[in-house]
Amino acid sequence: MVSASYGWYFTFVQGFVYLFLLYLQGFTPKQMVNPWKTYVKLSAVLMGSHGLTKGSLAFLNYPAQLMFKSTKVLPVMVMGAFIPGLRRKYPLHEYVSAILLVVGLILFTLADAHTSPNFSVIGVIMVSGALIMDSFLGNLQEAIFTMNPETSQTEMLFCSTVVGLPFLIPPMLVTGELFKAWSSCSKHPYVYGVLVFEAMATFIGQVSVLSLIALFGAATTAMVTTARKAVTLLLSYMIFTKPLTEQHGTGLLLIAMGITLKLLPDNKPNKRVSSPSPSSSSSAHIEKPASTDQQEITELENVEQDEEKRPLV
């Protein structure tokens, strides 16, 4: 069997699948609206996150990894306050909502695990590194969309992949993973078929996530993807009729509370809509004298009329 530790190599192969799918969509570099240097940091973080996430499965089982990854929304919200171009500040109820969602999903995941999660030190370090990179990733993507609203999702995915693929080569060479994975996969060619199929599925997911970030921001997108994990686990119980325990119920209740709290409207009035700013009111007063031209024309017409009425001497 092919080892699950080839996370860097698998990400490298799937990157080329992404480029091929983008080529089929007709995207070319001529359609770019941002310079290439914009995507350097983003690409390094993106490829590092994918590689560490896939590689951590060699040292952590899936429930343990899911438990760690479900906390992503919290570092994303915290990191948003330090990213230039964003400087996000979230209200208290959104932090409470995120905590409820995370704790609920962790409880549900632990109840779903039939065996105790394998907390290997190497796996924990790798998935923690992936979490840190994820916290940067979403906010950097949101910052690019915010600073240049004309940026498309296909451009971001294309440029991130092209610039990011070279970043995967050094860790593969240092660890020797490139040659080991190449030799192992050549003995099991079906692995490439699985990678292509997975890349096609994740490609749709990547475009969808980028669309959510562009519309609603990185923190809301992180909460949506975290809630999606909970829905996936719940559907697995509904489809395969697995028994639900009290711990499952507690986790679902906390998840529902977190989502409900997130959906509550903000009671603070929107200052931009409810009350005009001083600058806008002053500009309104400034625009009114623009009708002086019309007043001058009216005065000239009155003068002409007076001259016509004046008796000739």
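We number each residue from 1, following the sequence as shown. What you see is a predicted model; the values in this text were computed from it and never measured. Heavy-atom basis, side chains included; hydrogens, waters and symmetry copies ignored.
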[X] side chain to [Y] main-chain N or O, any donor-acceptor pair under 3.5 Å?
| X | Y | answer |
| --- | --- | --- |
| Ser186 | Ser183 | yes |
| Ser49 | Val45 | no |
| Thr221 | Ile213 | yes |
| Thr225 | Ala222 | yes |
| Glu142 | Gly217 | no |
| Ser135 | Ile132 | yes |
| Gln31 | Gly26 | yes |
| Asn34 | Thr151 | no |

Quiz prompt | Sub-4.5 Å side-chain heavy-atom contact between Leu165 and Leu19 | solution =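 In contact.
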Self-check item: Tyr23 and Thr28, any side-chain heavy atoms less than 4.5 Å apart
Solution: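 Side chain of Thr28 against side chain of Tyr23, heavy atoms only: no contact under 4.5 Å found.
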Practice problem: Begin from the C-alpha positions of Thr202 and Tyr18 and carry the test side-chain hydrogen bond (donor to acceptor under 3.5 Å, both in side chains) through to its verdict. | Solution: CA-CA 9 Å; Thr202 56; Tyr18 284 179; 2.7 Å; yes
Practice problem: Heavy atoms only: give me the nearest Phe59-Gly55 pair and the separation to one decimal. | Solution: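 It is CD1-O, 3.7 Å.
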Less than 3.5 Å apart, which donor and acceptor atoms pair up between the side chains of residues 191-198 and the rest of the protein, not counting sequence neighbours?
{"unit_1": "Tyr192", "atom_1": "OH", "unit_2": "Tyr9", "atom_2": "OH", "d": "2.6"}
{"unit_1": "Glu198", "atom_1": "OE1", "unit_2": "Gln14", "atom_2": "NE2", "d": "3.2"}

